[in-house]
Amino acid sequence: MKLLVTGGAGFIGSAVVRLAVAQGHAVVNLDALTYAACLENVADAAQHPDYVFEQADIRDRAALDRIFATHKPDAVMHLAAESHVDRSIDGPGDFIETNITGTYQMLEAARSYWMAQGKPDEFRFHHISTDEVFGSLGETGQFTETTPYDPRSPYSASKAASDHLVRAWAETYG
Ligand SMILES: NC(=O)c1ccc[n+]([C@@H]2O[C@H](COP(=O)([O-])OP(=O)(O)OC[C@H]3O[C@@H](n4cnc5c(N)ncnc54)[C@H](O)[C@@H]3O)[C@@H](O)[C@H]2O)c1
């Protein structure tokens, strides 16, 4: 399977890329290389012939269209995000732009590509959320997928918004 992984130079994304390559998947790693990126974390995977790196911003629709058309992925794993809560309190703008607008651009680029491919049933858009959309736990308790949304920071609000966009695109466009 060919995976388009966004944010594949990040903390979790780089582990996803390493695992996917080790399991025999072809990987296109799409990352803007912000302060949070570390390409060293995928240095071993980068030696693999089925690994490609694309430096691009998920807000850049033209770049996304080019990358989908060039690499023709079977599935997307969307991890690229502004992810640090403290930074979201100091400056929420980048979180709105990347996490909400960027996810919207990813959804539209994926939808356009999926339609051009004849709407294959097996295509998947896998969006990575965070437990923070459910708010804060006390000493005890747990979140489940049915816990009501209750974001408490600009970061978690932007992630919640992106979750709702992804759910809406799945319901609306299949
Ligand atoms: N780290 C955690 O504890 C945690 C917990 C739950 C969920 N998550 C979610 O998992 C995902 C990955 O988290 P992480 O900790 O690896 O994040 P990270 O901050 O380490 O990495 C994010 C990656 O996204 C890239 N990126 C940022 N903005 C971009 C843009 N506009 N276009 C393209 N690439 C961009 C960065 O360059 C970086 O490589 C995020 O969606 C995050 O919300 C993280």
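The figures that follow rest on heavy atoms only: side chains count, while hydrogens, waters and symmetry mates do not. Read the numbers this way: they start at 1 and go in the same order the structure lists the ligands and their atoms. Here, residue 1 is the first one in the sequence, and each next residue gets the next number.
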Among non-hydrogen protein atoms, atom 44 (C) of ligand 1 lies closest to Ile12 CD1, 3.5 Å
Is there a nitrogen or oxygen of Lys159 sitting under 3.5 Å from a nitrogen or oxygen of ligand 1?
yes
- prompt: Are the side chain of Asn99 and the backbone of Ser158 linked by a donor-acceptor contact shorter than 3.5 Å?
  reply: no
Any nitrogen or oxygen of Tyr155, main chain or side chain, under 3.5 Å from a nitrogen or oxygen of ligand 1? yes
At a 4.0 Å cut-off, with the gap strictly under it, does some heavy atom of Ser14 reach an atom of ligand 1?
no
- Message: Using modelled atom types and a 3.5 Å cut-off, is there a donor and acceptor pairing between side-chain atoms of Asp50 and backbone atoms of Gly24?
- Response: no
Closest to atom 21 (O) of ligand 1 among protein heavy atoms sits Gly10 CA, 3.2 Å
Using a plain distance cutoff, I'd like to know if Ala80 has any nitrogen or oxygen under 3.5 Å from a nitrogen or oxygen of ligand 1.
no
Below 3.5 Å, N or O to N or O, backbone or side chain included: is there any such pair between Glu82 and ligand 1? no
- For Gly7, is at least one N or O under 3.5 Å away from an N or O on ligand 1? no
Closest to atom 7 (C) of ligand 1 by heavy-atom distance, out of Ala37, Ala9, Ser129, is Ser129
**Prompt:** Can any side-chain N or O of Asn29 pair as donor or acceptor with the backbone N or O of Gly8 at less than 3.5 Å?
**Reply:** yes
Q.
Tell me whether ligand 1 is touched by Gly13 - counting only heavy atoms on the residue side and a distance under 4.0 Å.
A. yes
Any atom of ligand 1 sitting under 4.0 Å from a heavy atom of His84?
yes
Could you tell me whether His78 and ligand 1 have an N or O pair separated by under 3.5 Å?
no
* Does the side chain of Glu108 reach to within under 4.5 Å of the side chain of Trp169, using non-hydrogen atoms? -> yes
Donor-acceptor pair, side chain of Trp114 and main chain of Pro120, under 3.5 angstrom: yes
Counting from 1 in the order shown, the ligand 1 atoms closer than 4.0 Å to a non-hydrogen atom of Ala56 are 32 (N), 33 (C)
Ranking Leu30, Thr98, Asp94 by closest non-hydrogen atom to atom 29 (C) of ligand 1, top hit is Thr98
Checklist entry - Are the charged groups of Asp65 and Arg61 less than 4.0 angstrom apart, N to O? => result yes
For atom 22 (C) of ligand 1, the closest protein heavy atom turns out to be Ala81 O, 3.5 Å
Contact region, Leu33 to ligand 1, non-hydrogen atoms below 4.0 Å, reads backbone
Side chain Ser156, main chain Pro151, donor-acceptor under 3.5 Å:
no
### Message
Are Val76 and Arg124 packed together at the side-chain level, in the sense that at least one heavy-atom pair is separated by less than 4.5 angstrom?
### Response
no
* **Expected output: side-chain Arg152 to main-chain Val133 donor-acceptor under 3.5 Å** => no
Next on the checklist: In this structure, does ligand 1 have an atom that sits under 4.0 Å from one of the heavy atoms of Cys38?
Outcome noted: no
Heteroatom proximity flag, Ala32 to ligand 1, N/O under 3.5 Å: yes
Measuring only between side-chain heavy atoms, which start at C-beta, is Tyr35 closer than 4.5 Å to Glu82? yes
Side chain proximity check, Arg18 to Ser14, heavy atoms < 4.5 angstrom:
yes
re atom 6 (C) of ligand 1, the protein heavy-atom contact at minimum distance is Thr130 OG1, 3.5 Å
**Lys119, NZ atom: more than 12 neighbouring heavy atoms under 6.0 Å** = no
Donor-acceptor contact below 3.5 Å, side chain Thr147 vs main chain Thr144: yes
Next on the checklist: My question is simple, although I want it checked carefully: is atom 3 (O) of ligand 1 less than 4.0 angstrom from any protein heavy atom?
Outcome noted: no
*If you draw a 6.0 Å radius around OH in Tyr173, do more than 12 non-hydrogen atoms from other residues or ligands fall strictly inside?*
yes
among protein heavy atoms, the one nearest atom 10 (O) of ligand 1 is Ile128 CG2, 3.6 Å
Among non-hydrogen protein atoms, atom 12 (C) of ligand 1 lies closest to Leu79 O, 3.6 Å
* Is any side-chain heavy atom of Thr103 closer than 4.5 Å to a side-chain heavy atom of His127? -> yes
closest protein heavy atom to atom 39 (O) of ligand 1 is Asp31 OD2, 2.6 Å
Per-atom filter on ligand 1: closer than 4.0 angstrom to a heavy atom of Ser83 are 17 (O), 18 (P), 19 (O)
- Query: Does the N or O separation between Thr34 and ligand 1 drop below 3.5 Å for any pair?
  - Reply: yes
